[in-house]
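Worksheet for the structure shown next.
Numbers restart at 1 for each chain; the letters A, B, ... are given by sequence-line order, proteins then strands. What you see is a predicted model; the values in this text were computed from it and never measured. Values below: all heavy atoms of this structure, side chains included; hydrogens, waters and symmetry mates excluded.
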Amino acid sequence: MKTGKIKKIRLNTKSKKNRVPREFFIRDVLDVAPEILGYKLVQKNQNSITAYSISEVEAYRGEEDLACHARRGKTPRTRVMYETGGVLYVYLIYGMHWMLNIVTGEKNNPQALLIRGLKGVSGPGRLTNALDIDGAFNGLDITSSEKIWVEKNYIENKRVTTYPRIGVDYAGEYYSNIPWRFVLE
DNA sequence: TCAATGATTTTG
DNA sequence: AAAATCATTGAT
């Protein structure tokens, strides 16, 4: 069918044009975090494309960060955090909630950004439920995937506020209080 | 305030 | 092989 074909081509062109490239993610997670707020997390389903504005993220930064899963080194689960930035780290927590993270930084520097909120969807578990994201997305490269990617978006008078991360009381005085949660106001 | 719920990691 | 941990959520 002709119309269907034309539509598909237009969508693909748009995604390639606006997609955030790998270089964006191969930087320190603390630089990526405030910048990615307001950017669009874009997902392609059958025929439709939906874009969600990223509103809240948390930074997890290296083996020295006692709240980071990589604090005890590389394991089967944390392996993907050691990859070059731009891939997804998706894991199950509390036996029921999938958490969506984007790996950042250079290879073998385990960092990740937990996506905690999108405009209209708050809570990291509710977010993955809404977007139908599960373990099958683990390791997916968002700089080349046709299913999910990030697009740049300019926000006028953008204001970012930082807070301590949620649910990391076990991480010791310093890392449980460090303001590595970033919220778009 | 606490139960649900199961993969991952440690041996608490 | 068994026990503990856990980037949450929703109901009581």
Side-chain angles (χ1 to χ4, degrees), chain A residues 20 24-41 43 52-142 148-150 160-185:
Chain A
V20 170
F24 178 83
F25 299 107
I26 310 183
R27 293 184 299 147
D28 194 294
V29 67
L30 296 177
D31 293 329
V32 178
E35 216 170 306
I36 204 171
L37 291 177
Y39 280 24
K40 307 282 188 177
L41 179 64
Q43 186 179 41
Y52 306 84
S53 176
I54 299 172
S55 60
E56 180 178 352
V57 299
E58 276 178 2
Y60 290 86
R61 188 169 181 265
E63 295 180 345
E64 69 272 23
D65 176 3
L66 298 181
C68 181
H69 285 174
R71 65 188 176 278
R72 295 197 195 79
K74 194 187 280 192
T75 66
R77 182 177 64 160
T78 62
R79 198 194 77 256
V80 64
M81 290 187 78
Y82 289 78
E83 307 259 327
T84 305
V87 298
L88 297 181
Y89 169 42
V90 181
Y91 66 91
L92 188 69
I93 191 67
Y94 301 119
M96 54 184 101
H97 303 296
W98 293 103
M99 298 290 105
L100 173 64
N101 297 251
I102 301 175
V103 173
T104 67
E106 304 277 356
K107 187 172 175 65
N108 292 324
N109 183 352
Q111 306 185 334
L113 209 52
L114 170 68
I115 311 299
R116 284 196 67 89
L118 304 172
K119 189 174 180 184
V121 192
S122 51
R126 303 181 66 190
L127 174 166
T128 52
N129 190 49
L131 303 209
D132 229 29
I133 287 170
D134 61 17
F137 284 72
N138 191 40
L140 195 69
D141 183 350
I142 56 165
I148 189 167
W149 62 91
V150 175
V160 175
T161 311
T162 60
Y163 305 89
R165 294 170 293 182
I166 302 283
V168 295
D169 294 345
Y170 60 86
E173 179 71 18
Y174 182 75
Y175 283 106
S176 66
N177 293 309
I178 199 163
W180 284 355
R181 179 159 63 102
F182 300 76
V183 181
L184 182 65
E185 301 304 322

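Note on A:Y170: only backbone sugar-phosphate atoms sit closer than 4.0 angstrom, heavy atoms only; bases stay farther off. Nucleic acid contact class of A:M96 (heavy atoms, under 4.0 Å, all strands): base.
Side-chain atoms of A:Q111 do not come within 3.5 Å of backbone N or O of A:V103 as any donor-acceptor pair. Between the side chain of A:N101 and the backbone N or O of A:A112 there is no donor-acceptor pair closer than 3.5 Å. Using modelled atom types, one side-chain atom of A:R181 and one backbone atom of A:P164 make a donor-acceptor pair closer than 3.5 Å.
For the pair A:R181 CZ and C:dA7 P, the computed distance is 15 Å after rounding to whole Å. Counting to the nearest Å, the P atom of C:dT8 and the CG atom of A:N101 are 11 Å from each other.
A heavy-atom distance below 4.0 Å to DNA chain B is reached by none of the residues of residues 114-142 of chain A.
Stacking of A:R165 on the aromatic ring of A:Y60 is recorded, both the 6.0 Å distance cut-off and the 45° axial limit being met.
Not counting sequence neighbours, the partners of A:E35 by the side-chain contact (heavy atoms from CB on, under 4.5 Å) test are A:F24, A:R27, A:Y39.
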Going 5' to 3' through nucleotides 7-12 of chain B and flagging B where a protein heavy-atom sits under 4.0 Å of the base, S where only the sugar-phosphate is that close, and - otherwise, we get -SSS--
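Screening residues 109-127 of chain A for salt bridge (Lys or Arg N to Asp or Glu O under 4.0 Å) gives A:E56-A:R116, A:E58-A:R116 as the qualifying pairs, with residues at least two apart or on separate chains. Residue pairs meeting the side chain to side chain donor-acceptor pair (under 3.5 Å) criterion with at least one member in residues 68-82 of chain A, sequence neighbours excluded, are A:E63-A:Y82, A:H69-A:Y89, A:T75-A:T78.
A distance cut-off of 5.5 Å between ring centres, combined with a plane angle under 30°, leaves A:Y94 outside any stacking arrangement with the base of B:dA4.
A distance of about 15 Å separates the C1' atoms of B:dG12 and B:dT8, rounded to the whole Å.
For the OP1/OP2 pair of C:dT5 and a distance below 4.0 Å, the side-chain nitrogens and oxygens of A:R71 include no atom meeting the criterion. The phosphate of C:dA7 (OP1 or OP2) has no side-chain N or O of A:H97 nearer than 4.0 angstrom. Taking only side-chain nitrogens and oxygens, A:Y91 never comes nearer than 4.0 Å to OP1 or OP2 of C:dC6.
Base pairing in DNA chain B gives the following stems of 3 or more Watson-Crick or G-U pairs, range against range and under 3.5 Å: B:1-4 with C:8-11, B:6-11 with C:1-6.
Checking each of A:L41, A:L113, A:L118, A:D134 against A:L100 for a side-chain contact (heavy atoms from CB on, under 4.5 Å) leaves exactly one that passes, namely A:L41.
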Pair A:I142, A:I102 - check side-chain contact (heavy atoms from CB on, under 4.5 Å), show working.
CA-CA 8 Å; A:I142 56 165; A:I102 301 175; 3.8 Å; yes
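Anti is the glycosidic conformation of B:dA7, whose angle departs from 0 by more than 90°.
For A:E185, the CD atom counts as densely surrounded, since its 6.0 Å shell holds more than 12 non-hydrogen atoms of other residues, nucleotides or ligands.
In this structure, A:A59 and A:D65 approach most closely via the heavy-atom pair O-OD2, 4.3 Å.
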